[in-house]
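Right, one structure below, let's go through it.
Worth knowing before you read on, the calculation uses all heavy atoms, side chains too, and leaves out hydrogens, waters and symmetry mates.
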Amino acid sequence: MLFFSYFKELVGREVTVELKNDLAIRGTLHSVDQYLNIKLENTRVVDQDKYPHMMSVRNCFIRGSVVRYVQLPPEGVDVELLHDATRREARGG
């Protein structure tokens, strides 16, 4: 639940989602659920030469199980908050 809570805080910010098939999509995070399924708006493909058929896609839903990485904006990372939450989760509370 730690990451779900964290991603909910990033709604409205731009993120890059890299999928297991090497496709990387950048867009505005619209929503995320407990399975880390992600809905992006105003999307664009990072490598447009490799995936020209994806240039017309503007909104997409990404199943959480196909996500390899989510790149967050640097200003969106509160390291202290993540450290505290990780310690609490490790203690079981």
Side-chain angles (χ1 to χ4, degrees):
M1 293 307 280
L2 169 66
F3 290 107
F4 171 58
S5 301
Y6 188 72
F7 280 114
K8 282 178 46 175
E9 298 289 324
L10 293 173
V11 169
R13 296 216 178 155
E14 186 167 289
V15 296
T16 302
V17 180
E18 184 180 329
L19 307 181
K20 291 179 181 177
N21 67 356
D22 295 326
L23 173 63
I25 304 171
R26 182 174 294 130
T28 304
L29 183 63
H30 179 267
S31 63
V32 63
D33 66 12
Q34 69 269 22
Y35 303 106
L36 298 182
N37 296 319
I38 296 171
K39 183 175 180 186
L40 295 177
E41 293 183 332
N42 304 318
T43 60
R44 59 192 178 285
V45 176
V46 174
D47 188 359
Q48 294 181 355
D49 295 333
K50 191 174 179 182
Y51 302 99
H53 58 284
M54 294 292 295
M55 289 179 56
S56 62
V57 176
R58 292 292 161 236
N59 300 311
C60 67
F61 176 85
I62 303 169
R63 183 180 166 106
S65 64
V66 301
V67 174
R68 180 181 294 150
Y69 298 113
V70 177
Q71 298 174 14
L72 308 173
E75 67 277 0
V77 179
D78 185 349
V79 176
E80 288 302 316
L81 176 68
L82 286 175
H83 283 183
D84 291 342
T86 305
R87 286 186 201 111
R88 277 195 309 274
E89 193 168 279
R91 286 191 305 247

In Å and rounded to the nearest 0.5 Å, what is the OG1 to CD1 distance from Thr43 to Ile25?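 Between atom OG1 of Thr43 and atom CD1 of Ile25 there are 6.5 Å.
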Rounded distance [0.5 Å steps], NE2 in His30 versus CG in Asn42: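 Rounded to the nearest 0.5 Å, the NE2-CG separation comes to 10.0 Å.
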I'd like to know if Val46 and Met55 are part of one continuous hydrophobic network [Ile/Leu/Val/Met/Phe/Trp/Tyr, side-chain heavy atoms within less than 4.5 Å].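 Result: no, two separate clusters.
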Do [X] and [Y] touch side chain to side chain, with heavy atoms closer than 4.5 Å?
X	Y	result
Asp22	Arg68	yes
Leu40	Thr28	no
Leu23	Val45	yes

Have a look at Val32 and tell me which of Leu10, Val70, Ile38 forms a side-chain contact (heavy atoms from CB on, under 4.5 Å) with it.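 Option passing the side-chain contact (heavy atoms from CB on, under 4.5 Å) with Val32: Ile38.
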Considering all heavy atoms of both residues, which atom of Phe7 and which atom of Leu72 are nearest to each other, and what is their separation?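 In terms of heavy atoms, the two residues are closest at CE2-CD2, 3.8 Å.
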For residues 37-49, pull every pair meeting salt bridge (Lys or Arg N to Asp or Glu O under 4.0 Å), keeping only residues two or more places apart or in separate chains.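 Matches after skipping sequence neighbours: Glu14-Arg44.
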Which residues pass the side-chain contact (heavy atoms from CB on, under 4.5 Å) test with Asp33, not counting sequence neighbours?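 Checked Asp33 against side-chain contact (heavy atoms from CB on, under 4.5 Å); matches are Tyr35, Asn37.
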Restricting to side-chain contact (heavy atoms from CB on, under 4.5 Å), what partner residues turn up for Tyr69, sequence neighbours left out?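 By the side-chain contact (heavy atoms from CB on, under 4.5 Å) rule, Tyr69 matches Glu18.
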By side chain to side chain donor-acceptor pair (under 3.5 Å) - contacts of Arg63 (at least two apart):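 Applying side chain to side chain donor-acceptor pair (under 3.5 Å) to Arg63 gives Ser65.
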Excluding sequence neighbours, so at least two apart, what forms side chain to side chain donor-acceptor pair (under 3.5 Å) with Thr16?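 For Thr16, the residues satisfying side chain to side chain donor-acceptor pair (under 3.5 Å) (neighbours in sequence not counted) are Arg26.
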Trace of the side chain to side chain contact (heavy atoms under 4.5 Å, CB included) decision for Leu29 with Ser31: CA-CA 6 Å; Leu29 183 63; Ser31 63; over 6 Å; no
